[in-house]
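What follows is a single structure, written as structure tokens, with notes after it.
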Amino acid sequence: MNPRTCRLKLSHLRKPTTLCETMGKAEIWLMRTYWDFEFPRPYLPNFEFVGGLHCKPAKPLPKEMEEFVQSSGEHGIVAFTLGSMVKNLTEEKANLIASALAQIPQKVLWRYKGNTPATLGANTRLYDWIPQNDLLGHPKTKAFITHGGTNGIYEAIYHGVPMVGVPMFADQYDNIAHMKAKGAAVEVNINTMTSADLLNALRTVINDPSYKENAMRLSSIQHDQPIKPLDRAVFWIEFVMRHKGAKHLRPAAHNLTWFQYYSLDVIGFLLTCVAAAIFLITKCLFSCRKIGKTGKKKKRE
């Protein structure tokens with residue numbers, strides 16, 4: 001969506017405005033990330049990081065699902081979901097994925113609404129819906145195959161589960177890139193991956209202890225906060241309400257015109273100074289040269 005072309009009509013203001021202008025009027029920004037996920041960087045005083053505010057301890061699984069999970073024995077389970085927006089895959093892609101899953105000793109709980117793949121193994125069970133947070137918090141969960149949505153990423157961080165990332169669009173690529181950099185995930189390309197690629201990625205995050213260790217390190221950072229993310233979000237919302245805004249935290253850049261924002265007025269002033277200096281120097285040199293010629297002419301005479 002282009003803020004310059006997409007204009008919103010706000011009836012209570014009775015005048016058109018852009019999405020960019022509307023967002024610029026925000027008193028406080030609640031960011032759904034935290035420093036376990038983010039890299040160190042400067043940020044404005046009206047930015048508060050509340051990543052993981054939706055995370056909570058796992059609840060018991062439904063009886064039938066718990067029995068399937070317990071049947072995995074010492075190998076444990078793998079939770080697999082590509083989010084609510086991806087309900088099925090092409091037959092070729094589903095068979096490719098099912099073939100890879102059939103080759104691991106873990107039991108797999110796969111959220112999938114498409115036709116049952118022909119290569120589906122006995123260790124894999126399909127579900128229309130899975131309790132993602134409860135599965136990730138289960139002690140038998142060894143890995144999480146995810147599309148890289150923020151909710152799933154933070155639930156995996158919260159419970160310390162390493163990931164196999166299969167990003168497809170939007171912020172998912174960036175989310176998985178962060179997890180790769182933190183040493184808690186392996187990425188596979190949904191468009192070009194083979195069954196062997198997915199299998200190798202799964203074996204890596206399950207069998208290489210460094211991925212579990214890194215995931216647990218991120219989890220300990222997420223849990224070690226003076227105030228829970230949800231409580232912090234509530235505090236700042238109420239803070240804005242109590243003080244009828246938080247203009248003292250809002251950067252003055254939002255009040256600048258576009259040419260002030262890009263410092264075009266400063267650039268124009270500096271260019272004028274440079275041009276004036278060049279003009280004066282040129283004028284002085286020309287005058288000195290003219291005086292010098294006049295002086296030589298008088299001496300000859």
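Predicted model, so just to flag it, every value in this text is computed and none were measured. Note: hydrogens, waters and symmetry copies are ignored here, and every other heavy atom, side chains too, is used.
A donor-acceptor pair is defined here as one N or O able to donate and one able to accept, closer than 3.5 Å; no such pair exists between the side chain of Gln70 and the backbone of Glu67. No donor-acceptor pair under 3.5 Å is formed between the side chain of Thr141 and the backbone N or O of Ile77. Proximity of a side-chain donor or acceptor of Asn214 to a complementary backbone N or O of Gly183 within less than 3.5 Å is detected. Within the 3.5 Å criterion, the main-chain N or O of Leu218 finds no donor-acceptor partner in the side chain of Gln222. Put simply, the side chain of Asp224 never gets that close to the backbone of Ser220: no donor and acceptor are under 3.5 Å apart. Although no hydrogens or angles enter the test, the distance criterion places no donor-acceptor pair under 3.5 Å between the side chain of Asn123 and the main chain of Pro105. A side-chain donor-acceptor contact under 3.5 Å links Thr194 to the backbone of Asp197. Not one N or O on the side chain of Ser99 forms a donor-acceptor pair closer than 3.5 Å with the backbone of Asn95. Judged by distance alone, the side chain of Ser263 and the main-chain N or O of Val266 form no donor-acceptor pair under 3.5 Å. A donor-acceptor pair under 3.5 Å is absent between the side-chain atoms of Lys212 and the main chain of Ala143, judged by distance alone.
Tyr173 OH: more than 12 foreign heavy atoms inside a 6.0 Å radius.
The line from CG of Leu199 to CG of Leu101 is 9.0 Å long, rounded to the nearest 0.5 Å. Taking CZ from Phe144 and OG1 from Thr81, the interatomic distance works out to 6.0 Å, rounded to the nearest 0.5 Å. Rounded to the nearest 0.5 angstrom, Leu109 CG and Thr124 OG1 are separated by 9.0 Å. Rounding to the nearest 0.5 Å places OG1 of Thr150 at 4.5 Å from CG of Asn175. Once rounded to the nearest 0.5 Å, the distance linking CD of Gln106 with NZ of Lys140 reads 11.0 Å. Atom CG of residue Leu136 and atom CD1 of residue Ile130 lie 7.5 Å apart, to the nearest 0.5 angstrom.
Hydrophobic clustering of Ile, Leu, Val, Met, Phe, Trp and Tyr side chains at less than 4.5 Å, counting indirect connections, unites Met193 with Ile206. In the hydrophobic clustering of this structure, Val274 does not group with Leu280; members are Ile, Leu, Val, Met, Phe, Trp, Tyr whose side-chain heavy atoms approach within less than 4.5 Å, directly or through other members. Side-chain heavy atoms closer than 4.5 Å link hydrophobic residues (I, L, V, M, F, W, Y) into clusters, and following such links, possibly through other members, connects Tyr211 to Leu198. Under a hydrophobic clustering in which Ile, Leu, Val, Met, Phe, Trp and Tyr are joined whenever their side-chain heavy atoms come within less than 4.5 Å, directly or via other members, Leu96 and Met168 fall into the same cluster. In this structure, Phe47 is not a member of the same hydrophobic cluster as Val50, with clusters built from ILVMFWY side-chain heavy atoms closer than 4.5 Å.
Across all non-hydrogen atoms, the minimal contact from Pro162 to Lys142 is CG-O, 3.4 Å. Of all heavy-atom pairs between His159 and Asn133, the closest is NE2-OD1, 3.0 Å. Taking every heavy atom of both residues into account, Gln172 and Gly149 meet most closely at CG-N, 4.2 Å. Listed here is the closest heavy atom pair of Ala201 and Val186: CB-CG1, 3.7 Å. Here the shortest heavy-atom pairing between Ser72 and Gly76 reads CB-O, 3.2 Å. Taking all atoms of both residues into account, the shortest heavy-atom contact from Ala94 to Tyr112 is CB-OH, 3.5 Å.
Contact check for His75 versus Ile104: no side-chain heavy atoms found under the 4.5 Å cut-off. Ile97 is not listed as a side-chain neighbour of Thr119, based on a closest heavy-atom distance of 4.5 Å or more. With a 4.5 Å cut-off on side-chain heavy atoms, Thr146 and Val164 do not count as touching. Residues His248 and Pro45 fail the side-chain proximity criterion, which asks for heavy atoms closer than 4.5 Å. Looking only at side-chain heavy atoms (C-beta outward), Val69 and Lys107 stay at 4.5 Å or farther from each other.
Donor-acceptor pairing under 3.5 Å is recorded for the side chains of His138 and Glu66. Using modelled atom types and a 3.5 Å distance limit, the side chains of Glu213 and Ser210 yield no donor-acceptor pair. In this structure, a donor-acceptor pair under 3.5 Å is present between the side chains of Asp36 and Tyr154.
In this structure Thr192 satisfies the side-chain contact (heavy atoms from CB on, under 4.5 Å) test together with Asn189, sequence neighbours excluded. Applying the side-chain contact (heavy atoms from CB on, under 4.5 Å) test to Pro251 and every residue at least two apart in sequence or in another chain returns Leu44, Asn46, His254. Contacts of Glu91 classified as salt bridge (charged side-chain N to carboxylate O under 4.0 Å, His left out), with partners at least two apart in sequence or in another chain: none. Residues satisfying the side-chain contact (heavy atoms from CB on, under 4.5 Å) test with Phe39, not counting sequence neighbours, are His178, Ala181, Lys182.
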List, one per line, each side-chain donor-acceptor pair under 3.5 Å for residues 52-64, sequence neighbours excluded.
residue : atom : partner : partner atom : Å
His54   : NE2  : Asn151  : O            : 3.2
Glu64   : OE2  : Arg125  : NH1          : 2.6

Side-chain donor/acceptor pairs under 3.5 Å, residues 230-242, sequence neighbours excluded:
residue : atom : partner : partner atom : Å
Arg232  : NE   : Phe49   : O            : 3.3
Arg232  : NH1  : Gln225  : OE1          : 3.3
Arg232  : NH1  : Ile227  : O            : 3.1
Arg232  : NH2  : Phe49   : O            : 2.6
Arg232  : NH2  : Gln225  : OE1          : 3.0
Trp236  : NE1  : Glu48   : OE1          : 3.4

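For the side-chain hydrogen bond (donor to acceptor under 3.5 Å, both in side chains) with Glu27, the qualifying choice from Lys244, Lys247, Arg250 is Lys247, the only one to do so.
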Open item on the list: Would Ile145 and Met163 count as a side-chain contact (heavy atoms from CB on, under 4.5 Å) here? Give the steps.
Closed with: CA-CA 6 Å; Ile145 306 176; Met163 293 159 262; over 6 Å; no
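Remark: aromatic rings of Phe68 and Trp110 are distant, center separation not under 6.0 Å. Aromatic ring centres of His147 and Phe169 lie farther apart than the 6.0 Å criterion allows.
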